[in-house]
There are 2 protein chains.
Amino acid sequence: MISISHAINTNRLLADLPSAEQAALAACCEVVPLAFGEVLYQPTDTVTYAYFPINSFVSNIVILNNDSRLEVTMAGLEGMLGIALVLGFNKAPLLAVVQGAGVALRIPASQFQALLPTSPALHQRLMRYLYIVMNQLANSAACIHFHRIEERLARWLLMTQDRAQSDHLQLTHEFLAMMLGVRRAGITLAALALQQRGLISYHRGDIIILDRSGLVAAACQCYTQDCALYANAMATP
Amino acid sequence: MISISHAINTNRLLADLPSAEQAALAACCEVVPLAFGEVLYQPTDTVTYAYFPINSFVSNIVILNNDSRLEVTMAGLEGMLGIALVLGFNKAPLLAVVQGAGVALRIPASQFQALLPTSPALHQRLMRYLYIVMNQLANSAACIHFHRIEERLARWLLMTQDRAQSDHLQLTHEFLAMMLGVRRAGITLAALALQQRGLISYHRGDIIILDRSGLVAAACQCYTQDCALYANAMATP
DNA sequence: ACCCGTCGGCACGCTAGCGTACACAACTCG
DNA sequence: CGAGTTGTGTACGCTAGCGTGCCGACGGGT
């Protein structure tokens, strides 16, 4: 099991906080396991916990008209879930589904909200994170509209790899199709193309990233832009 | 010319604020005209002013790879521009273009940021507004991906009508095509369809909304959902 | 060792929307 | 009043992706 202090130093929003803030945080959070497929929030649910993933990662999914689904953001060790709480609100807007099993730090909503006014550094980090997420959302909208499945798939695999911190992912075509909002057959073709170019290999739900830089080249620039945006926004004093 | 106090009572984020907060606001803002096509922010610009539209409205546009453009949100009397400032940041992420001429309240960035800590009611409103915008972004991404041009056009006209507060809009097909990220010819077909159904009429850049409720039916549900979301989030205590 | 559920390859016709290009009509301005 | 500009209708072939359905192959469980 991962200790709380180790967890706090792993999540990028929490690492490097002043030790007083880390201590305050540690006092009210716990390390919990997240299982693959677990639903953290349903749309319109009241948000009872904030989560900071450590080695797990979670997809935020829009549900349209009860059938169409589309992943719009992803949160792993670089982010958090329960963003609404930072805005003083407690209604979840999106479906949050655990997409990579692992552990996360969990804080009850009320304690989290009580913590914010007394933890200025944390608060600032979270505001920055909100800014980043808003940009990711805006860029995603354009990316999803303009870019082809193959490019989007490559981007998505890279984003997932970053959060899973492993070049070995467990994803079926069916699942990828739901995330990208396309047909399963569409994913099959795109994945075949990537495989034939020697960038990935896969076999019944196990995807291995063989050539990361090749995959970056195959992805739309949205991937590199996203990374740059995160780095920039977080680095600015 | 519109007076500052009348302006403050027109923008929905500012109306109904405690009078002390309105007074503090009034002390540092001014009413400025916004001309059609005026660019308020370029991506990566430093944000020098926050704007609260009164009878003008502004599109926030993502620019991808220097050519593809797509409107992702719109702000009128129900919103504001310069959201980054609320998050303690001063970099504009999107292109903000005035799409309906009119006036807006304008506040220098530093004064705006100084105002926030001392105006809790305003601050809360703005956080709510951020929450709404994030949801609009997420929903837009899905809407743009799944819905047809005709539905999206209908939705877009309704959103514009709400902000222009007039059933008479000035928009060319060319402009609409840029907003929706599609071909001009695509807009022509969709607009013809709406016109033949008796919902709108247009003539060389002048669009008149004839049957608002028919248009709501022709639009994807995203429009009604958006409205409901705004009302809900703003109404919650 | 088998069975059956899961996963992936593939093929069919179909549609929305693309890129492009041309023509005409309506305004604008000299 | 004539010339140019702007806005709209339309047409062409083309592509990405859709919906659907089938089949084979793999592999875990009994």
Side-chain angles (χ1 to χ4, degrees), chain A residues 36-37 64-71 141-157 168-197 199-208 218-220, chain B residues 36-37 64-65 67-71 99 141-157 168-197 199-208 218-220:
Chain A
F36 175 80
L64 227 53
N65 314 334
N66 305 321
D67 49 348
S68 312
R69 292 168 179 233
L70 180 65
E71 193 211 54
C143 172
I144 290 167
H145 183 60
F146 288 114
H147 295 149
R148 314 231 223 103
I149 296 184
E150 192 175 324
E151 297 169 298
R152 289 178 55 209
L153 178 59
R155 176 190 175 203
W156 197 91
L157 291 174
H168 196 105
L169 311 172
Q170 310 230 342
L171 308 155
T172 65
H173 291 186
E174 188 80 44
F175 180 82
L176 289 166
M178 208 189 65
M179 291 296 112
L180 302 194
V182 299
R183 289 180 315 155
R184 204 256 311 150
I187 296 291
T188 301
L189 290 178
L192 268 175
L194 294 179
Q195 192 174 36
Q196 277 156 15
R197 289 162 70 181
L199 307 178
I200 64 172
S201 92
Y202 64 89
H203 176 68
R204 291 185 77 72
D206 289 337
I207 296 192
I208 301 172
C220 44
Chain B
F36 175 79
L64 227 53
N65 314 336
D67 50 348
S68 313
R69 291 169 178 231
L70 179 66
E71 193 211 52
Q99 191 228 308
C143 173
I144 290 167
H145 183 60
F146 289 113
H147 296 149
R148 313 234 209 105
I149 294 183
E150 191 175 327
E151 298 170 297
R152 289 178 55 208
L153 177 59
R155 177 191 175 202
W156 198 90
L157 291 174
H168 196 105
L169 311 173
Q170 310 229 343
L171 307 154
T172 64
H173 291 186
E174 188 82 41
F175 180 82
L176 289 166
M178 208 189 64
M179 290 295 113
L180 302 193
V182 300
R183 287 181 317 154
R184 203 258 311 149
I187 296 291
T188 301
L189 290 178
L192 268 176
L194 294 179
Q195 190 173 37
Q196 276 156 16
R197 290 160 69 179
L199 307 177
I200 64 173
S201 92
Y202 63 88
H203 175 70
R204 290 186 73 76
D206 288 337
I207 296 192
I208 301 173
C220 44

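This one's a predicted model, so the numbers in the text were calculated from it and none came from an experiment. We name chains A, B, ... by the order of the sequence lines, and we start the count at 1 in each one.
With contacts defined as side-chain heavy-atom distances shorter than 4.5 Å, the pair B:Thr172/B:Tyr202 does not qualify. When side chains are defined from C-beta on, B:Leu157 does not count as touching B:Leu199, because their heavy atoms never get closer than 4.5 Å. Contact of the A:Asp206 side chain with the A:Gln170 side chain is registered, since non-hydrogen atoms from C-beta on lie closer than 4.5 Å. Looking only at side-chain heavy atoms (C-beta outward), A:Arg155 and A:His147 stay at 4.5 Å or farther from each other.
Remark: P of C:dT6 and CZ of A:Phe175 are 17 Å apart, rounded to the nearest angstrom. The CG atom of A:Leu171 sits 14 Å away from the C1' atom of C:dG8 (whole-angstrom rounding). The nearest whole Å value for the distance from the NE2 atom in A:His203 to the C1' atom in C:dG9 is 14 Å. Rounding to whole angstrom units, CG of residue A:Leu194 and P of C:dG9 are separated by 12 Å. Atom CG in A:Leu189 sits about 13 Å away from atom P in C:dG8, given to the nearest Å. At whole-Å resolution of the value, CD in B:Gln195 and P in D:dT10 are 11 Å apart. Rounding to whole angstrom units, NE2 of residue A:His173 and C1' of D:dC26 are separated by 14 Å. Residue B:Gln170 contributes atom CD, which lies 14 Å from atom C1' of C:dC27 at whole-angstrom precision.
Tested against A:Leu176 for a side chain to side chain contact (heavy atoms under 4.5 Å, CB included), the candidates A:Val182, A:Leu171, A:Thr188, A:Leu169 yield a single pass: A:Leu171.
Heavy-atom distances under 4.0 Å link DNA chain C to no residue of residues 141-156 of chain A.
Within the 4.0 angstrom heavy-atom criterion, no nucleotide atom of any strand lies near A:Gly186. Heavy atoms of B:Thr188 sit under 4.0 angstrom from at least one base atom. Residue A:Ile187 is out of contact with every strand shown, counting any heavy-atom pair closer than 4.0 Å.
Contact of B:Arg183 with C:dG19 (side chain to base): a donor-acceptor pair of N or O atoms is detected under 3.5 Å. Between the side chain of B:Arg204 and the base of D:dT6, at least one donor-acceptor pair of N or O atoms lies under 3.5 Å. Counting distance only, with no hydrogens placed and no angle test, the side-chain atoms of A:Arg184 and the base atoms of D:dG19 include no donor-acceptor pair under 3.5 Å.
In the set D:dT20, D:dA11, C:dG8, the nucleotide with an atom closest to the side chain of B:Ala185 is D:dA11.
In this structure, the salt bridge (Lys or Arg N to Asp or Glu O under 4.0 Å) partners of B:Arg197, at least two apart in sequence or on a different chain, are B:Glu150.
At the phosphate of D:dG9, OP1 or OP2 sits under 4.0 Å from a side-chain N or O atom of B:Tyr202.
The aromatic rings of B:Phe36 and B:Phe175 are tilted relative to each other, their planes meeting at an angle between 30° and 60°.
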